[in-house]
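Counting begins at 1 with the first residue of the sequence. Remember, predicted model here, so these are calculated numbers, not experimental data.
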Amino acid sequence: MTGADIIKYNQGLAEAERKLARALVELFEAKLSSAEGKVWHGHPVWFLNGNPVCGYSLKKAGLEVLFWSGKSFATAGLRPIGKYQAAGISVESIHDVAKVESYMAEAQSVQWDYKNLPKLRKLEKLTDF
């Protein structure tokens, strides 16, 4: 079930982005049924056992979906983001939301340990991949 903070975030989006965000929420909740979704650092993010897995944010070009471990996914098409293992994809249409679905299995099975990054000061594999 979508938390009130995510609903509030989505209500602040323009109509076109709001429809895409709704589709992303439905996708994330269907494919990551055990994940907890909440607004974290100002954006909706889904966590598995306290570890951030995926989320989205509004950028100038539209919505961007971020996969925290996306650089390690075997499925091509994500753009590297930042110095760690994150990668993302722009979502400008419902067709793009369907593309995001192709990454959802890896979002669950390929995870780096971001939860303990501040304590360890490095990323370690959380799952076998």
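- Under the 4.5 Å side-chain criterion, counting only non-hydrogen atoms from C-beta, Glu17 is in contact with Leu58.
- Within the 4.5 Å cutoff, no side-chain heavy atoms of Val39 are placed close to those of Val45.
- Atom CG of Leu27 and atom SG of Cys54 lie 8.0 Å apart (nearest 0.5 Å).
- Closest approach of Leu20 and Ser93 over heavy atoms only: CD2-C, 3.4 Å.
- For the pairing with Phe47, the ring-ring contact (aromatic ring centres under 6.0 Å, His included) check across Tyr114, Trp40, Trp68 returns one residue only, Trp40.
- The hydrophobic clustering, which links ILVMFWY residues whose side-chain heavy atoms are closer than 4.5 Å, places Leu117 and Trp46 together.
- Heavy atoms from other residues, nucleotides or ligands lying under 6.0 Å from CG of Asn49 number 12 at most.
- Taking 4.5 Å as the limit, every side-chain heavy atom of Ile89 sits out of range of all side-chain heavy atoms of Tyr56.
- Residues Val110 and Phe67 fail the side-chain proximity criterion, which asks for heavy atoms closer than 4.5 Å.
- A 4.5 Å side-chain heavy-atom check between Lys125 and Trp112 finds at least one atom pair inside the cut-off.
- In this structure, the side chains of Val53 and Gln111 come closer than 4.5 Å at one or more pairs of heavy atoms.
- Not one N or O on the side chain of Ser33 forms a donor-acceptor pair closer than 3.5 Å with the backbone of Glu29.
- Remark: side-chain polar atoms of Lys59 are not paired, donor with acceptor, to backbone N or O of Ser90 under 3.5 angstrom.
- How far CG of Leu123 is from NZ of Lys83: 10.0 Å, rounded to the nearest 0.5 Å.
- Of all non-hydrogen atoms in Ala87 and Leu78, the two that sit nearest each other are CB-CB, 3.7 Å.
- For the residue pair Leu13 and Arg18, the shortest heavy atom distance occurs at O-NH1, 2.7 Å.
- In this structure, Asp113 contributes its side chain and Asn116 its backbone to a donor-acceptor pair below 3.5 Å.
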Would Asp96 and Lys99 count as a salt bridge (charged side-chain N to carboxylate O under 4.0 Å, His left out) if you check the C-alpha gap in whole Å, the side-chain angles of each, and the deciding distance to 0.1 Å?
CA-CA 5 Å; Asp96 293 333; Lys99 290 180 189 175; 3.5 Å; yes
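- Of all heavy-atom pairs spanning Thr127 and Gln108, the tightest one is CG2-O, 4.5 Å.
- Using modelled atom types, no side-chain atom of Gln85 and backbone atom of Gly70 make a donor-acceptor pair closer than 3.5 Å.
- The shortest side-chain heavy-atom distance between Ser57 and Leu63 does not fall under the 4.5 Å cut-off.
- How far OG of Ser69 is from CG of Leu126: 8.0 Å, rounded to the nearest 0.5 Å.
- Taking hydrophobic clusters as Ile, Leu, Val, Met, Phe, Trp and Tyr residues chained together by side-chain heavy-atom distances below 4.5 Å, Tyr84 does not share a cluster with Leu120.
- Scanning both residues, Ser72 and Phe129, for their nearest heavy atoms gives CB-CE1, 3.6 Å.
- The heavy-atom pair separating Lys71 from Pro80 by the smallest distance is CE-CB, 3.5 Å.
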